[in-house]
Asker: 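Here it is, the structure in full.
Note that this is a predicted model, so its numbers are computed, not measured. In what follows, every heavy atom counts, from backbone to side chain, and hydrogens, waters and symmetry copies are set aside. Convention: sequence-line order gives letters A, B, ...; per-chain numbering from 1.
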Amino acid sequence: MSWWQFPCRKTQLWLDVTLSCGQSFRWRQDAGSGEWRSCLPGSLCVWRLKQTVDAVLYKLESPSEKESILLEESARQTLFDYFNFDVDLESLYTEWQRADRNFAEQSARLKGVRMLRQDPTETLFSFICSSNNNIERISGMVEKLCVTYGEYILEFDGRQYYTFPVPHVLAAEGVEDKLRKLGFGYRAKYIHQTAKVLASKPDGWLDELRKAPYREAHAELLTLPGVGAKVADCICLMSLDKMDAIPVDTHMWQIAARDYKLKVTNKSLTTKVYNEIGDHFRKLFGQYAGWAHSVLFSADFKKFQSIQVERNKIESNVHVEDSPVHQEEVEANLVTSKSAAAKRKRII
DNA sequence: CGGTGACCTTTCG
DNA sequence: CGAAAGGTCACC
């Protein structure tokens with residue numbers, strides 16, 4: 001079977017960035033082909049994605065011939081939902097660039113950062129794992145959750161794929177101890193306890209929060225063990241359609257201070273400052289402020305420095321090492337910033 | 001409310 | 001060997 005495809009510019013969706021910027025922790029890129037592979041909720045198969053200059057190509061792998069009857073149109077709809085393709089990202093970028101000079105600078109080198117519309121349960125447990133943690137380890141933990149408690153789907157290209165576990169399974173006796181042994185640390189308890197809370201709620205309780213107003217959904221999420229303001233905002237933004245939810249983590253905290261000169265506390269991120277930072281970006285970017293936040297967050301990320309440089313080289317045909325003129329200016333701006341920011345400024 | 005320290009584990013400087 | 005990694009919670 002050949003690949004299906006739909007037309008898509010990288011300014012609407014840049015797969016490499018969107019699937020690896022810390023929204024979802026389950027996509028893996030094949031080193032050889034460059035294609036992305038994962039499972040999506042609701043379909044017991046492996047999704048394969050890759051991108052050309054003007055299209056996204058997709059293909060499904062199913063356990064048996066019989067079950068591979070997920071038709072092209074159905075698959076297409078699943079992808080359109082997952083990638084929020086009803087939202088015109090190019091228009092939003094234009095809007096945000098006009099509203100904010102800093103965004104204009106950052107986004108010029110990092111287009112196509114699109115918010116995914118993920119499964120709420122998967123997003124909830126994934127981001128409980130995210131506290132005080134790094135993306136690589138989070139990805140490993142999410143993988144362990146699936147392998148240990150998910151449903152086996154199939155093996156493809158030497159890798160075994162599993163569904164994300166349902167809360168009922170994670171609520172079972174002994175899960176906390178097991179997860180601790182698997183290296184989840186203190187998050188083991190949060191996962192187990194939150195699973196028990198979910199299991200006690202009416203079916204579909206979490207998914208229903210998609211219909212609730214942002215503040216209400218956020219408040220409900222805060223009742224779950226291991227879910228604070230930041231994790232709740234991640235769940236709101238990435239799975240509950242709250243496009244103006246702004247997760248304020250250490251990165252956004254630094255960005256707010258460094259690039260937006262917000263008066264933030266030095267030591268700890270208090271509730272007051274947390275809300276002020278979010279409100280600042282909401283006022284600046286409007287209805288889809290959470291999406292804009294994701295661009296700034298990704299642009300600040302070290303792992304995307306090289307990808308940006310490559311892109312810059314190709315598009316402007318200019319070398320990046322030749323700007324000693326700006327060096328002093330860069331140093332002067334470095335009062336609070338780190339080397340990552342210095343590198344970033346150097347290629348402007 | 002604001003501030004503080006503990007919490008698991010791994011990696012990085 | 002301490003700090004940081006997409007924080008949260010309990011307690012003062």
Asker: Expressed as a whole number of Å, how far does the P atom of B/dG5 sit from that of C/dA4?
Answerer: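 Approximately 15 Å lies between the P atom of B/dG5 and that of C/dA4.
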
Asker: Say we look at B/dA6 and C/dG2: how far apart would their P atoms be, to the nearest angstrom?
Answerer: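 So the two P atoms sit 14 Å from each other.
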
Asker: Round to the nearest Å and state the distance from A/Met115 atom CE to C/dG6 atom C1'.
Answerer: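 So the two atoms are 12 Å apart, to the nearest Å.
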
Asker: Looking across every strand, which nucleic acid part, if any, lies under 4.0 Å from A/Gln23 by heavy atom: base, sugar-phosphate, or nothing?
Answerer: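 It contacts base atoms.
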
Asker: Can you tell me how far P of C/dG7 sits from CG of A/Asn132, to the nearest Å?
Answerer: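 Roughly 6 Å, once rounded to whole Å.
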
Asker: Rounded to whole Å, how long is the line connecting atom CD of A/Gln193 with atom C1' of C/dC9?
Answerer: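 These atoms are roughly 11 Å apart.
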
Asker: Give the ring-plane orientation class for A/Tyr186 versus A/Tyr190, where under 30° counts as parallel, over 60° as perpendicular and anything between as tilted.
Answerer: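 Geometry flag for A/Tyr190 against A/Tyr186: perpendicular rings.
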
Asker: With the side chain counted from C-beta on, respond yes when A/Lys144 and A/Tyr149 share a heavy-atom pair under 4.5 Å apart, and no when they do not.
Answerer: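 When only atoms from C-beta onward are counted, A/Tyr149 and A/Lys144 do not touch, as no gap falls below 4.5 Å.
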
Asker: For A/Glu151, give me all partners under side chain to side chain donor-acceptor pair (under 3.5 Å), at least two apart in sequence or on another chain.
Answerer: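 Residues passing side chain to side chain donor-acceptor pair (under 3.5 Å) with A/Glu151: none at all.
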
Asker: Can you list the stems that include DNA chain C, where a stem is three or more consecutive Watson-Crick or G-U pairs with distances under 3.5 Å?
Answerer: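 Stem list for DNA chain C: B:2-7 with C:7-12, B:9-13 with C:1-5.
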
Asker: Taking all atoms of both residues into account, what is the closest heavy-atom pair of A/Ser139 and A/Arg28, and its distance?
Answerer: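 Closest pair (atom of A/Ser139, atom of A/Arg28, distance): O-NH2, 3.6 Å.
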
Asker: Is a salt bridge present between A/Glu276 and A/Lys263, judged by a nitrogen-to-oxygen distance below 4.0 Å?
Answerer: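 Salt bridge: no.
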
Asker: Sticking with atom C1', work out how far C/dA10 lies from B/dC1, rounded to a whole angstrom.
Answerer: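 Taking atom C1' in both C/dA10 and B/dC1, they lie 15 Å apart.
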
Asker: What is the distance, to the nearest angstrom, from the CD1 atom on A/Ile128 to the P atom on C/dG7?
Answerer: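 In whole Å, C/dG7 P and A/Ile128 CD1 are 14 Å from each other.
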
Asker: Under a 4.0 Å heavy-atom cut-off, which of residues 217-248 of chain A touch DNA chain C?
Answerer: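 By residue number: A/Leu224, A/Pro225, A/Gly226, A/Val227, A/Gly228, A/Ala229, A/Lys230, A/Val231, A/Met238, A/Pro247.
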
Asker: Please work out if A/Cys129 contacts a base, only the sugar-phosphate, or nothing of the nucleic acid, heavy-atom cut-off 4.0 Å.
Answerer: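 Here A/Cys129 touches no strand at all.
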
Asker: Calculate the interatomic distance between A/Leu296 atom CG and C/dG6 atom P; express it in whole Å.
Answerer: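 In whole Å, C/dG6 P lies 17 Å from A/Leu296 CG.
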
Asker: Grab the CH2-C1' distance between A/Trp253 and C/dG6 for me, whole Å please.
Answerer: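 Going from CH2 in A/Trp253 over to C1' in C/dG6 covers 13 Å.
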
Asker: Taking atom P in both B/dC7 and C/dG6, what distance in whole Å separates the two?
Answerer: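 22 Å, rounded to whole Å.
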
Asker: Does this structure show an ion pair linking A/Arg258 with A/Asp300, if we count only N-O contacts that are shorter than 4.0 Å?
Answerer: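 Here A/Arg258 pairs with A/Asp300 in a salt bridge, since their nearest N and O are under 4.0 Å apart.
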
Asker: If you draw a 6.0 Å radius around NZ in A/Lys178, do more than 12 non-hydrogen atoms from other residues or ligands fall strictly inside?
Answerer: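 Open.
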
Asker: Report the C-alpha distance between A/Glu35 and A/Arg37 in whole Å, list the side-chain angles of each, state the deciding distance to 0.1 Å, and finish with yes or no for salt bridge (Lys or Arg N to Asp or Glu O under 4.0 Å).
Answerer: CA-CA 7 Å; A/Glu35 72 180 66; A/Arg37 298 165 184 168; 2.9 Å; yes

Asker: Got a donor-acceptor pair under 3.5 Å from the side chain of A/Arg137 to the base of B/dT10?
Answerer: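 Answer no: no donor N or O sits under 3.5 Å from an acceptor.
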
Asker: Distance check needed: C/dG6 C1' versus A/Phe297 CZ, whole Å only.
Answerer: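 Rounded to the whole Å, the gap is 5 Å.
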
Asker: May I have the distance from A/Phe25 (atom CZ) to C/dG6 (atom P), rounded to whole angstrom?
Answerer: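 Rounding to the nearest Å, CZ of A/Phe25 and P of C/dG6 are 9 Å apart.
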
Asker: Does a sphere of radius 6.0 Å around CZ in A/Arg9 hold more than 12 heavy atoms from other residues, nucleotides or ligands, not counting ones at 6.0 Å or beyond?
Answerer: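 Open: at most 12 neighbouring heavy atoms sit under 6.0 Å from CZ of A/Arg9.
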
Asker: Once side chain to side chain donor-acceptor pair (under 3.5 Å) is applied, do any residues pair with A/Asp30, and if so which ones, sequence neighbours excluded?
Answerer: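 Checked A/Asp30 against side chain to side chain donor-acceptor pair (under 3.5 Å); matches are A/Ser33.
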
Asker: Is A/Glu72 salt-bridged to A/Arg76, going by a charged N under 4.0 Å from an acidic O?
Answerer: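 Salt bridge flag = no for A/Arg76 with A/Glu72.
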
Asker: So that I can tick it off, tell me whether A/Glu105 and A/Arg101 are bridged by a salt bridge, with the cut-off set at under 4.0 angstrom between side-chain N and carboxylate O.
Answerer: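 Yes, A/Arg101 and A/Glu105 are salt-bridged.
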
Asker: Give a yes-or-no answer on whether the side chains of A/Asp233 and A/Tyr274 include a donor-acceptor pair shorter than 3.5 Å.
Answerer: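 Yes, side-chain donor-acceptor contact under 3.5 Å.
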
Asker: I'd like the P distance from B/dT4 over to C/dA3, given in whole Å.
Answerer: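 After rounding to an integer number of Å, I get 16 Å for this pair.
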
Asker: Can you list, in residue-number order, the parts of residues 267-288 of chain A that come under 4.0 Å of DNA chain C, counting heavy atoms only?
Answerer: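 Contacting residues: none.
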
Asker: Could you list by number each residue of residues 169-192 of chain A showing a heavy-atom separation from DNA chain C of less than 4.0 Å, or answer none if no residue does?
Answerer: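 By residue number: A/Tyr186, A/Tyr190.
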
Asker: Expressed as a whole number of Å, how far does the C1' atom of B/dT10 sit from that of C/dC9?
Answerer: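 One C1' to the other, the span is 23 Å.
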
Asker: Side chains of A/Asn133 and A/Ser131: any donor to acceptor distance under 3.5 Å?
Answerer: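 Absent: no donor and acceptor within the cut-off.
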
Asker: Is a side-chain donor-acceptor pair under 3.5 Å present for A/Glu90 with A/Thr11?
Answerer: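 Side chains of A/Thr11 and A/Glu90: pair found under 3.5 Å.
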
